[in-house]
Amino acid sequence: MLFEPRSGRLAAWGNALLAGLVSPDEAAMSIVGEDAVHRVEGLPGESGPVGLTLALGRLRALGVSGLRVALPAPGHPLGLSGPPEFNARALEAEEAVVAVGAAVGLVPEVAEAGPAGDVHVSVTWHCLPVREAPPADVPSLGEAERELAEALREATVVLTRLDVAGSGPVADAALSAYRARAEAGREALAPGYPPRAVRVLALAQRVDLMVSLAYESGHGGAVAASEMAARTEALRPVERVARRALVAAYNSAVEAREQH
């Protein structure tokens, strides 16, 4: 799973723009991040791909009042509402953004070019029809926070027992990068999000990092087939909880506005 999904950046800063809290240029720059360029293809009324600033304006004109994140996985259509064609594209990309107020959604297609160390990343967001219905399996922030705390405790116990809780140079580098990012005070969410959402997102990212390190660290001490299976079995529900929490955090701005 992606540590910071592009769909999360698009939804967070798109919501801030729709709420009038940031300028179009600031939103577009924050969504692009370290990528080279983002464009949107298939927008109603547009004959070809357009830039993010124009695309966000077009979405507002279509009646979009908010953006939700979907992070589906096989057997878990998290945040999706259909139709099957959109769900399939989102599942292939492992992420999507679903508009509130207009029956459209956005699925990213990522292209990389250039030599190692100088990779040029471009993203094309495909705008597709979606079904206007409640998203699948998205918890409240409170539910997500409780699930995460329990998942973190369980994952730590199981992964430590299997000696794959994250050790070696890959794990050390990832942990160092995570700490540096936290110490630098990098803005986790765009303006307009409640403090609890920031807290849930940070905890979800921490749990997600543990899962990623466990997968990337090889077999660790879990050399027996039964132990390897136990590790996978332990990680699967933890990964699911982390994805649910990420979606809850990114979607909380929309949920808060709807409640009021």
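Predicted model, so just to flag it, every value in this text is computed and none were measured. Here, residue 1 is the first one in the sequence, and each next residue gets the next number.
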- Are any side-chain N or O atoms of N251 and backbone N or O atoms of V69, one a donor and one an acceptor, separated by less than 3.5 Å? yes
- Does a side-chain heavy-atom distance below 4.5 Å link L91 with P74? yes
- Message: Measuring from atom CD of E85 to atom CG of N87, what distance do you get when rounded to the nearest 0.5 angstrom?
- Response: 9.0 Å
- Determine whether L17 and V40 fall in the same hydrophobic cluster, where Ile, Leu, Val, Met, Phe, Trp and Tyr are linked whenever their side-chain heavy atoms lie under 4.5 Å apart. yes
- Taking every non-hydrogen atom, the tightest pair across L71 and P5: CD2-CB, 4.0 Å
- Task: For the residue pair P129 and F86, establish whether any side-chain heavy-atom pair is separated by less than 4.5 Å.
- Result: no
- Any salt bridge between D35 and R9, counting N to O under 4.0 Å? yes
- NE2-CD distance between H76 and E239, expressed to the nearest 0.5 angstrom: 11.0 Å
- CZ of R196 to OG of S140, rounded to nearest 0.5 Å, is 7.0 Å
- Item | Stepwise side chain to side chain contact (heavy atoms under 4.5 Å, CB included) check, Y250 with L189 | CA-CA 8 Å; Y250 284 121; L189 284 169; 3.6 Å; yes
- Should R153 and E150 count as an ion pair when the cut-off is N to O under 4.0 Å? yes
- Message: So does T124 get a backbone contact from the side chain of R39, meaning a donor-acceptor N/O pair under 3.5 Å?
- Response: no
- Taking the side chain as C-beta and beyond, is there a heavy-atom pair between P191 and W13 under 4.5 Å? yes
- Close side-chain approach of R60 and L18, heavy atoms under 4.5 Å: yes
- Hey, does P77 have a side-chain heavy atom less than 4.5 Å from the side chain of D137? no
- Query: Where is the tightest heavy-atom contact between L62 and A102, given as atom of each residue plus distance?
  - Reply: O-CB, 3.8 Å
- Message: If you define the side chain from C-beta out and look only at heavy atoms, does anything of V123 sit under 4.5 Å from V32?
- Response: no
- Note on the structure: Output for pair (E46 CD, L54 CG), nearest 0.5 Å, gives 5.0 Å
- Item | Side-chain heavy-atom pair E109, W125 within 4.5 angstrom cut-off | no
- Item | Presence of salt bridge, E95 and R6, under 4.0 angstrom | no
- Message: Could you check whether E143 pairs with R244 (Lys NZ or Arg NE/NH1/NH2 to Asp/Glu carboxylate O, under 4.0 Å)?
- Response: no
- Message: Side-chain heavy atoms nearer than 4.5 Å, only ILVMFWY residues, links allowed to pass through others: does that put V100 and V247 together?
- Response: no
- Trace of the side chain to side chain donor-acceptor pair (under 3.5 Å) decision for H120 with E112: CA-CA 6 Å; H120 179 283; E112 298 182 352; over 6 Å; no
- Item | Nearest-0.5 Å distance, OG of residue S252 to CZ of residue R68 | 11.0 Å
- Exam field: side chain D118 to backbone G114, donor-acceptor pair closer than 3.5 Å: no
- Transitively linked via ILVMFWY side-chain contacts under 4.5 Å: L10 with V110? yes
- Item | For V98 against G79, the heavy-atom pair lying closest together | CG2-O, 4.2 Å
- Item | 4.5 Å side-chain heavy-atom contact, L128 and L106 | no
- Item | V138 with V130, same ILVMFWY side-chain cluster at under 4.5 Å | no
- Query: Do you reckon L21 sits in the same ILVMFWY cluster as V254, going by side-chain contacts under 4.5 Å, direct or chained?
  - Reply: no
- Query: Just by modelled atom types, is the A253 backbone N or O under 3.5 Å from a matching donor or acceptor in the N15 side chain?
  - Reply: no
